[in-house]
*Asks:* 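Encoded as structure tokens, here's the structure I'll be asking about.
Naming: A, B, ... by sequence-line order, numbering from 1 per chain.
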2 protein chains.
Amino acid sequence: MQHADPIAAAYVERWNEATSSSTPGTCPIRHVLDKIGDKWSMLLVMTLASGPRRFNQLHREIPDISQKMLTQTLRDLQRDGLVARQVFDTKPPSVEYRLTTLGQSLIVPFGRLIEWANSSMPGIAAARSHFDAFS
Amino acid sequence: MQHADPIAAAYVERWNEATSSSTPGTCPIRHVLDKIGDKWSMLLVMTLASGPRRFNQLHREIPDISQKMLTQTLRDLQRDGLVARQVFDTKPPSVEYRLTTLGQSLIVPFGRLIEWANSSMPGIAAARSHFDAFS
DNA sequence: CGGAATCCTTGGGGATACTG
DNA sequence: CAGTATCCCCAAGGATTCCG
């Protein structure tokens, strides 16, 4: 073990347990990571984090997503229980999306990662320019 | 704002600042998320978390990665300063990879996410089977 | 308004073979 | 051992059109 940090060491151990106990293809962690890395999921989660939105309202706030991917991503999030969909039977019909409790519980751990990304950016940029210059 | 949780609220706010201040395409957070969601990066990081490895040693521990992707992912990680590469001039040559300090600093925030994934799995699975049954 | 259906392009990534 | 070089395939996702 290389870490003075016991918290990191604990996470590594838990990771090893989790990944070794499941078959390579069906690892449940992978499914979560796929959503994180997926182009739109987390953007939608963080957008909905500040309150419920209607379909076209989301589309206006995120102009560069296609309707197809907006629909698809929302359905996947709903399927996983992170987002709730509520239909109001008005004319014309309106549909509201909001984070579930489960969805809200993702904000903090995800936020830690964003925090890391922001504070590590300078170091990454420096490493990258050094690498590109000398390799 | 929908959150009783002030920590979550703070992360949402920071997210909004970070994403609104950069142009859609070049958002630095996206680059990090791409690495997280990328098929092999985090697997390699977590593998190297328990100690330095040689090239083929990594390949043996992660049999389902291709040499191409192993090389490519390691180079990207090295470029971003997360992994250090050390060449020993022996015969035959041997190359060792290890996490940098920056790379190690990713373990904890990433671990929180894994923790969330593990503890949320039952809820996600339940939501999904419910969704698949009734939709 | 809130989608569904279809077509089409791009690049991530696997398989294989070769090299210092 | 530690890679590099090619070829190839498939699925994620964009653009467009249609519908209740």
Side-chain angles (χ1 to χ4, degrees), chain A residues 24-27 30-45 47-48 52-80 83-98 131 134-135, chain B residues 24-25 27 30-45 47-48 52-80 83-98 131-132 134-135:
Chain A
T26 63
C27 175
R30 271 254 57 92
H31 178 259
V32 175
L33 294 188
D34 286 349
K35 297 191 82 68
I36 304 295
D38 147 326
K39 200 171 181 184
W40 303 111
S41 291
M42 292 315 297
L43 183 55
L44 281 177
V45 168
T47 301
L48 290 174
R53 305 292 153 92
R54 305 245 316 263
F55 185 86
N56 280 336
Q57 195 175 356
L58 281 169
H59 203 183
R60 276 189 297 274
E61 289 191 43
I62 312 175
D64 47 343
I65 192 176
S66 59
Q67 295 102 332
K68 177 186 174 183
M69 290 317 294
L70 180 54
T71 306
Q72 191 178 115
T73 306
L74 283 172
R75 202 184 328 106
D76 287 350
L77 290 172
Q78 186 195 353
R79 186 171 116 98
D80 284 353
V83 161
R85 185 184 117 117
Q86 188 174 7
V87 182
F88 296 95
D89 207 354
T90 58
K91 12 90 185 173
S94 80
V95 180
E96 197 175 87
Y97 293 90
R98 71 181 65 229
F131 183 91
F134 291 92
S135 291
Chain B
C27 175
R30 271 254 59 90
H31 178 260
V32 174
L33 294 188
D34 286 349
K35 297 192 80 70
I36 304 295
D38 146 327
K39 199 172 181 181
W40 302 112
S41 291
M42 292 315 298
L43 183 56
L44 281 176
V45 168
T47 302
L48 290 174
R53 306 290 152 93
R54 306 244 315 264
F55 185 87
N56 279 337
Q57 195 176 355
L58 281 170
H59 204 183
R60 276 188 297 274
E61 289 189 44
I62 312 176
D64 46 344
I65 193 177
S66 60
Q67 303 96 324
K68 177 188 173 182
M69 289 317 294
L70 180 54
T71 306
Q72 192 176 117
T73 307
L74 283 171
R75 200 177 337 101
D76 287 350
L77 290 171
Q78 186 196 353
R79 185 170 115 96
D80 284 352
V83 161
R85 187 184 117 116
Q86 188 174 7
V87 181
F88 297 95
D89 207 355
T90 57
K91 12 92 186 173
S94 78
V95 180
E96 195 174 87
Y97 293 90
R98 71 181 66 229
F131 183 91
D132 292 346
F134 291 91
S135 294

*Asks:* Starting from P on C:dG13, measure out to NZ on B:Lys35 and report it in whole angstrom.
*Replies:* 11 Å
*Asks:* Measuring only between side-chain heavy atoms, which start at C-beta, is B:Leu70 closer than 4.5 Å to B:Leu44?
*Replies:*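 In short, these two side chains touch, coming nearer than 4.5 Å.
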*Asks:* Using a strict 4.0 Å threshold on nitrogen-to-oxygen distance, state whether B:Glu61 and B:Arg53 make a salt bridge.
*Replies:* yes
*Asks:* Between B:Asp76 (CG) and C:dG13 (P), how many Å, whole number?
*Replies:*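 B:Asp76 atom CG is separated from C:dG13 atom P by 10 Å.
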*Asks:* Between A:Asp38 and B:Lys68, which residue's closest nucleotide on DNA chain D lies nearer the 5′ terminus?
*Replies:* B:Lys68
*Asks:* In terms of side-chain heavy atoms of A:Lys39, which of D:dG3, C:dG13, D:dG14 is nearest?
*Replies:*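 Looking only at side-chain atoms, A:Lys39 lies closest to D:dG14.
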*Asks:* To the nearest Å, how far apart are A:Ile65 CD1 and D:dG14 P?
*Replies:* 7 Å
*Asks:* From CG of B:Leu58 over to P of D:dA2, roughly how many Å is that when rounded to an integer?
*Replies:* 9 Å
*Asks:* Considering only side-chain heavy atoms of B:Gln67, which listed nucleotide, C:dT16, C:dG3, D:dA2, is closest?
*Replies:*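 Among C:dT16, C:dG3, D:dA2, the one nearest the side chain of B:Gln67 is C:dT16.
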*Asks:* Can you tell me the distance, in whole Å, between the CD atom of B:Glu96 and the P atom of D:dC1?
*Replies:* 15 Å
*Asks:* For B:Met69 and D:dG3, what is the distance between atoms CE and P respectively, to the nearest whole Å?
*Replies:* 15 Å
*Asks:* Looking at the side chain of B:Phe55, which of D:dA2, C:dG13, D:dG20 is the nearest nucleotide?
*Replies:*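 Among the listed nucleotides, the one closest to the side chain of B:Phe55 is D:dA2.
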*Asks:* Would you tell me if any nitrogen or oxygen in the side chain of A:Arg75 comes within less than 4.0 Å of OP1 or OP2 on C:dA4?
*Replies:* yes
*Asks:* Just so I know, are the side chains of B:Glu96 and B:Val87 near enough to count as touching, which here means a heavy-atom distance under 4.5 Å?
*Replies:*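 Heavy-atom side-chain distance check fails, nothing below 4.5 Å.
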*Asks:* Assuming nearest nucleotide by heavy-atom distance, tell me which of B:Thr71 and B:Arg60 is located more 5' along DNA chain D.
*Replies:* B:Arg60
*Asks:* In this structure, how many angstroms lie between the C1' atom of D:dG3 and the CZ atom of B:Arg53, rounded?
*Replies:* 20 Å
*Asks:* When rounded to the nearest 0.5 angstrom, what is the spacing between CD1 in B:Ile36 and CG in A:Asp34?
*Replies:*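 Here the interatomic distance stands at 12.5 Å.
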*Asks:* Without decimals, in angstroms, what is the distance between B:Lys91 NZ and D:dA2 P?
*Replies:*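 Nearest whole value for this atom pair: 15 Å.
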*Asks:* So, taking the atom named CG in A:Asp80 and the one named CZ in A:Arg75, what distance separates them when rounded to the nearest 0.5 Å?
*Replies:* 12.0 Å
*Asks:* For D:dG3, take OP1 and OP2 only and decide whether either is under 4.0 Å from a side-chain N or O of B:Tyr97.
*Replies:* yes
*Asks:* Does D:dA2 have its OP1 or OP2 closer than 4.0 Å to a side-chain nitrogen or oxygen of B:Arg54?
*Replies:* yes
